[in-house]
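Report on the following structure.
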Amino acid sequence: MKKDIALYRKYRPSKFKDVIGQDHIVDVLKGSIENGNISHAYLFSGSRGTGKTSIARIFAQEIGTSINDLYEIDAASNRGIDDVREIRESVNTLPFESKYKVYIVDEVHMLTKEAFNALLKTLEEPPSYVVFILATTEIEKLPETVVSRCQTFTFKKPNQPVLKKIVMDVAKKEGFTLDASSADLIALLGDGSFRDSLGILQKVLSSANEKNIELKNVEMITGAPRGTLINDIVSAIAHREREKALQAVSQAVASNVDMSVFMKLLLEKLRFVLLLRFAPVMEKDINTQVSDEDFTFLKTLSAEKNINISASVLLEMLNAFEQTGRAYISHLPLELAIIAIIGQDTIEQ
């Protein structure tokens, strides 16, 4: 693998057919091109790494815009009124060699109020050959006057199975083999971002000594919590062993793990146990998402009678996860959740 080329750049889609997970947007854009209904302004909104800029570039290419007539502006570093005035002046010149001049303005929500006002005037009466594509991760920060003048598309965060497949496919193209649980962990760490998932994969591949990469390698390279530690706490919750569960949390803290990641992995395994208990038909699907060792552990646990894993337990843990990022002590929500679901606090009221 060429370590000097970022994987997310190397495998960035270059055609509409290469785009994954945004069919609701691709189909509309392709239809508008086929029908010749090109809008003068588009607004792409969605979380980071979901393909907004990639699709903007593909769209520009599909309407016949050459590289010399494509302009990309990063509003995070070009956010003032003078920067927008430069755009307003340049739109008045004809394209060099294309039917359309396309301006892709990334992180458009970073523009100043004065810059937005200046941009609004351009959006209201642009030349017929100019197309604006505004991209943002925070659409709520855009003035309604700007949003209303654009054709708006909301990008979906890719789910974990989609990211997992991409991670495994790219690893294979790079000459490596990832087992299912390793790809699943990378997808989870990618947190709904194509770019972040491939960035983590690149870190793993660059650090790997073998072509066959196992879960323990991914855990070590990424600093993710060990699966055995997660299993310990799942087992402790299932068997109502409060002290053992709290001790596992303490070990996680001592290992300096990211508590949000720890909680995600814990929630995932608790969910699998619940599904194996109440939806056995999903057994085959779950088996593809975890290692053989983990599946045996989860399957055995789910078959036990009277285990303390229920919908209410998952709900308590989900609430703890939502509080983790805001908590002064990151592991406190988890500790409180454990105390709540394994028995009432014995401190006198």
Side-chain angles (χ1 to χ4, degrees), residues 3-14 19 22 25 39-61 63 65-93 95-96 98 100-127 129-155 157 190-200 202-203:
K3 296 183 175 63
D4 57 329
I5 301 177
L7 291 181
Y8 81 88
R9 292 185 183 276
K10 184 175 180 180
Y11 293 99
R12 170 180 279 163
S14 58
V19 176
Q22 308 294 351
I25 294 173
S39 176
H40 71 276
Y42 296 86
L43 176 58
F44 292 174
S45 71
S47 57
R48 71 185 190 281
T50 50
K52 298 184 295 296
T53 305
S54 294
I55 290 183
R57 291 171 178 165
I58 294 170
F59 181 74
Q61 175 183 295
I63 63 175
T65 302
S66 73
I67 192 67
N68 291 325
D69 291 313
L70 175 63
Y71 303 87
E72 294 191 39
I73 299 100
D74 178 12
S77 52
N78 300 280
R79 59 193 302 265
I81 188 169
D82 289 339
D83 299 300
V84 175
R85 281 173 177 163
E86 287 185 17
I87 296 175
R88 289 181 60 188
E89 292 174 5
S90 69
V91 299
N92 292 319
T93 60
F96 288 109
S98 314
Y100 295 102
K101 291 176 71 172
V102 175
Y103 291 82
I104 300 173
V105 185
D106 198 15
E107 301 295 347
V108 69
H109 62 273
M110 296 292 288
L111 291 178
T112 64
K113 181 179 179 180
E114 294 76 16
F116 269 126
N117 289 335
L119 178 62
L120 182 60
K121 293 179 180 179
T122 306
L123 290 178
E124 287 174 338
E125 298 178 1
Y129 51 81
V130 169
V131 175
F132 280 96
I133 305 177
L134 313 180
T136 180
T137 54
E138 301 181 56
I139 191 173
E140 67 279 0
K141 291 186 177 180
L142 270 63
E144 180 57 34
T145 49
V146 170
V147 176
S148 65
R149 284 163 175 76
C150 300
Q151 189 172 336
T152 304
F153 294 90
T154 302
F155 283 63
K157 291 180 70 170
D191 194 25
S193 167
F194 293 110
R195 183 170 61 240
D196 290 357
S197 296
L198 291 180
I200 294 167
Q202 181 152 29
K203 180 180 179 182

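Here the SG-CD1 distance, from Cys150 to Ile139, works out to 8.5 Å after rounding to the nearest 0.5 Å. Put simply, CD1 on Ile200 and CG on Leu7 are 12.0 Å apart, with the number rounded to the nearest 0.5 Å. A distance of 11.5 Å separates CD1 of Ile87 from OH of Tyr71, quoted to the nearest 0.5 Å. With values rounded to the nearest 0.5 angstrom, Thr154 atom OG1 is found 7.0 Å from Ile25 atom CD1. Interatomic distance, CG of Leu123 versus CZ of Arg88, reported as 10.5 Å (0.5 Å rounding). The CD atom of Glu72 sits 9.5 Å away from atom CD1 of Ile133, with the distance rounded to the nearest 0.5 Å.
Ile55 places a side-chain heavy atom less than 4.5 Å from the side chain of Gln22. You'll find the side chain of Val146 stays beyond 4.5 Å of the side chain of Val108, heavy atoms only. Side-chain contact between Leu70 and Gln61 is absent, with no heavy-atom pair separated by less than 4.5 Å. Taking the side chain as every heavy atom from C-beta outward, Asp83 and Ile73 never approach each other to under 4.5 Å. When side chains are defined from C-beta on, Tyr103 counts as touching Ser90, because their heavy atoms get closer than 4.5 Å. At a threshold of 4.5 Å between non-hydrogen side-chain atoms, the residues Asp191 and Lys157 count as touching. Using a 4.5 Å heavy-atom threshold, the side chains of Ile58 and Pro13 count as touching.
Side-chain atoms of Ser193 do not come within 3.5 Å of backbone N or O of Gly190 as any donor-acceptor pair. Using a distance-only test at 3.5 Å, with no hydrogens or angles considered, a donor-acceptor pair links the side chain of Tyr129 to the main chain of Asn92. Using a distance-only test at 3.5 Å, with no hydrogens or angles considered, no donor-acceptor pair links the side chain of His40 to the main chain of Val130. Using a distance-only test at 3.5 Å, with no hydrogens or angles considered, a donor-acceptor pair links the side chain of Lys101 to the main chain of Thr93. Under the 3.5 Å distance criterion, the side-chain polar atoms of Asn68 are left unmatched by any main-chain donor or acceptor of Phe96.
Ser98 and Thr65 share no donor-acceptor pair across their side chains, judged by distance under 3.5 Å alone.
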Could you list the donor-acceptor pairs under 3.5 angstrom formed by side chains in residues 41-49, with sequence neighbours left out?
residue	atom	partner	partner atom	Å
Tyr42	OH	Ser39	N	2.8
Arg48	NE	Asp196	OD2	2.6
Arg48	NH2	Asp196	OD2	2.8

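Residues in residues 102-115 take part in no salt bridge (charged side-chain N to carboxylate O under 4.0 Å, His left out) pair, two or more places apart or across chains.
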